[in-house]
Structures are given as C-alpha cells and as structure tokens.
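Reminder, nothing fancy here: chain letters follow the sequence lines and each chain counts from 1.
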Amino acid sequence: MTIDLDTLRGFFASSPFMVDLGIVPIAVGAGTVTTELLLERRHTQHMGLAHAGVMATMADHSMGAAAQTLCAPGQWVLTAELKTSLLRPGRGERLVCEALVLKPGRTISFTEASVWAESGGERSLVMKASATMAITAAKA
Amino acid sequence: MSEASHAALLARGREVLDEQPFSRLLGARLNVLTPGRAELELTLRTELLQQNGFAHGGVVSYLADNALTYAGGSALGFAVVTSEFKINYVRPAIGERLIARAEAVALSKSQVVCRCDVLAWRGGEEKLCAVAQGTIARFAERP
C-alpha cells in the first residue's frame, strides 16, 4: 500500500486523540513517518515540561503509521508493546517525531522512533522509543 | 505512617496532579497514594479514543506513566521524572473508565523501579488491558 501525505493526514484525522492533541504528519515514505506537535501549556506536566505521556503518544502513533505504510490493503496496525527512554526534559516550541520500520513482518513489525524538541532553532533528542506493532485484518 | 500523614500525602499528590495541565486535559483522578503505591483513574470519552474506538495507546501509556511516577515519587520522597518505561498492551482498552495501579518494587537512593497494571472497567467488570514497568529517577536538571 502506498500512502501519500494527504491520505496519512486523513488517517490521523480519524483518530480522535490525535486530533485532540494536535499531532499531525508532515512527511511519509515507505516505512517512515515524521510527525509534529506545536507545544501548548495543555501538553505539559507540573514543572512545565512536555508530559512523558504526550511524547509516548506521539512516538506510539507515529510508529504505528510507519508500520501501516508497509501493510497490504485491508490490514491494520495495533501496538503490542512500547518502550520509551526519556533522555532530556522536553521543552520548546515544537516536538518532531521521526518513526521508521526496522523490520516489517506478516504478523508483527518492529519499529523505532526519535522525538526531538525544538527551541529557538536548536533541536535536542528528548525521547527514544521502540515498539512492536501487530498487523491485523481490517475491522468488519 | 499515621492516618493524618497518609491524608496529607494524598492531598499533596492531588495538588501536583492539578498542576499538570496534561493530566487536567485527560481528566485523571488520584484515588490512592501511599508511600510506594498509587492508583490513578480516568473516564473514557470520544476525544481519548483511537480510530477503532478503543482508548488510544497513548492514553493508556499516559495513565501507566503517571501512576508509575506517583508510586516512585512517593517511595523516594522528592521531585522525580520518568527515566524509562515499557508497556505491553494485552487487550484493547474498551470501557467506561481506566484504572492504573502502580507499586514501587526496588528502591535505591536516586531511583526506583515500579510496576503498573492498567485495567479497563466495562459494565461493572474490570479487565487487564496493559502492564507496564519503569524506572523513576530524581529530577536533577543539568544544562
């Protein structure tokens, strides 16, 4: 299945939590997806840093989308497991997530993601994540 | 720990939750907080779902992460952040609300390993939908 950016934007728009947070795809290739989130106060925790849950959500959905780009029509992706490492405090104007498929499979795909925080033109790696995606038949 | 200090810990925990804009956005509630143990809950609504109508994996991992952090922070007794965590989604999270129960299992001076179960409540029945484990560490920011 070839997925162009407009189609992928449609997939994200069909996921209420993505819409609620404001996470959108900005680039897509075969097995790769890049997403962005403009940081607002509602995305933060009590110290004013981006909440780990926000970054984990972004990594999770972006990796799922990357796996989706390599699926056959009628197949859908569900996260089976997700691991995140929080390398630095997440602060700045924008988060960017780069997700890629390490190894696609018939029933599971292995994926990886990096989340970057951009502040005043500089970017720092704030989260490294990996996930196993289950490939399922489309819902009835 | 006396009953009064238990109540004070829970009250302080609820203040911190209220100071987290993201937790307010998701509507999380802190039900239980004792040293090394925490229970967080949230009511599911459309905005928190993914495209198949399950709770979004990010919502489940938010709840697990925050419960792990409360269990770890209350065990350590100072400001903490998540260092890393891992979550297995074992069943679609479908129901009226989600509950995360976390406990500290291995405490050291500057960090603590915690475990968490996330349960989905549907029609009076709870079902395990995710299990998580993470390391919660002292928050000491370096430039």
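- Among the candidates A/M58, A/R41, A/E40, the residue making the largest number of heavy-atom pairs closer than 4.5 Å to chain B is A/R41.
- Put simply, B/L48 and B/L119 are part of two different groups of oily side chains (I, L, V, M, F, W, Y) that touch within less than 4.5 Å, one to the next.
- Cluster membership check: A/I23 shares its hydrophobic cluster with A/F17, using side-chain heavy-atom separations under 4.5 Å among Ile, Leu, Val, Met, Phe, Trp and Tyr.
- Heavy-atom distances place the backbone of A/A80, and not its side chain, under 4.5 Å from chain B.
- Heavy atoms of B/V16 lying under 4.5 Å from chain A belong to its backbone as well as its side chain.
- Within 6.0 Å of atom CZ in B/R37, 12 or fewer heavy atoms from other residues, nucleotides or ligands are found, so the atom counts as exposed in its surroundings.
- Closest approach of A/M47 and B/V81 over heavy atoms only: CE-CG1, 3.8 Å.
- Between the CD atom of B/E84 and the OG1 atom of A/T84 there is a distance of 7.5 Å, given to the nearest 0.5 Å.
- For the pair B/N66/A/Q45, no side-chain contact is recorded, criterion being any heavy-atom separation below 4.5 Å from C-beta on.
- Looking at A/W76 and B/N52, their side chains never come closer than 4.5 Å, going by heavy atoms from C-beta outward.
- The OG atom of A/S15 lies 6.0 Å from the CD atom of B/Q50; values are rounded to the nearest 0.5 Å.
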Table please: side-chain donor-acceptor pairs of residues 120-129 of chain B below 3.5 Å, with sequence neighbours left out.
{"unit_1": "B/W121", "atom_1": "NE1", "unit_2": "B/E126", "atom_2": "OE1", "d": "3.4"}

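- Hydrophobic clustering (ILVMFWY, side-chain heavy atoms < 4.5 Å, transitive): B/L107 and B/V80 are in one cluster.
- By the neighbour-count criterion of 12 heavy atoms within 6.0 Å, atom CZ of B/R115 is sparsely surrounded, having that number or fewer from other residues, nucleotides or ligands.
- Scanning residues 92-105 of chain A against chain B with a 4.5 Å heavy-atom cutoff picks out nothing at all.
- Linking ILVMFWY side-chain heavy atoms closer than 4.5 Å, directly or via other members, places B/L42 and B/L49 in two distinct hydrophobic clusters.
- Chosen from A/D60, A/T44, A/T132, the residue pairing most often with chain B at heavy-atom distances under 4.5 Å is A/T44.
- Using a 4.5 Å cut-off between heavy atoms, B/L26 contacts chain A through its side chain alone, with no backbone atom that close.
- Of all the listed residues (B/T69, B/T46, B/D65, B/I87), the one sharing the greatest number of non-hydrogen pairs under 4.5 Å with chain A is B/I87.
- When side chains are defined from C-beta on, A/F11 does not count as touching B/Q51, because their heavy atoms never get closer than 4.5 Å.
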Please determine whether side-chain contact (heavy atoms from CB on, under 4.5 Å) holds for the pair A/L78 and B/Y89, giving the CA-CA distance in whole Å, both sets of side-chain angles, and the decisive distance to 0.1 Å. CA-CA 9 Å; A/L78 288 172; B/Y89 301 102; over 6 Å; no
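- Residue B/F85 comes nearest to A/A56 through the heavy atom pair CZ-CB, 4.1 Å, listed as atom of the first residue, atom of the second, then distance.
- When heavy atoms are compared at a cutoff of 4.5 Å, A/M55 does not approach chain B at all.
- For a residue to count as touching a neighbouring chain, one of its non-hydrogen atoms must lie under 4.5 Å from one of that chain's; by this rule A/L21 touches chain B with the side chain only.
- Criterion: ILVMFWY side-chain heavy atoms under 4.5 Å apart, direct or through other members. Under it, B/L76 and B/V113 are not part of a common hydrophobic cluster.
- Atoms NE2 and CG, on A/H46 and B/D18 in that order, are 12.5 Å from each other to the nearest 0.5 Å.
- For B/N88, the parts lying under 4.5 angstrom from a heavy atom of chain A are both the backbone and the side chain.
- Most heavy-atom pairs under 4.5 Å with chain B: of the set A/L82, A/T57, A/D20, this distinction falls to A/L82.
- Residues A/H61 and B/H56 meet the side-chain proximity criterion, which asks for heavy atoms closer than 4.5 Å.
- Both the backbone and the side chain of B/V59 come within contact range of chain A, each with at least one heavy atom under 4.5 Å from a heavy atom of that chain.
- Contacts between B/L25 and chain A at a heavy-atom distance below 4.5 Å involve the side chain alone, from C-beta outward.
- Both the backbone and the side chain of B/T82 have a heavy atom closer than 4.5 Å to some heavy atom of chain A.
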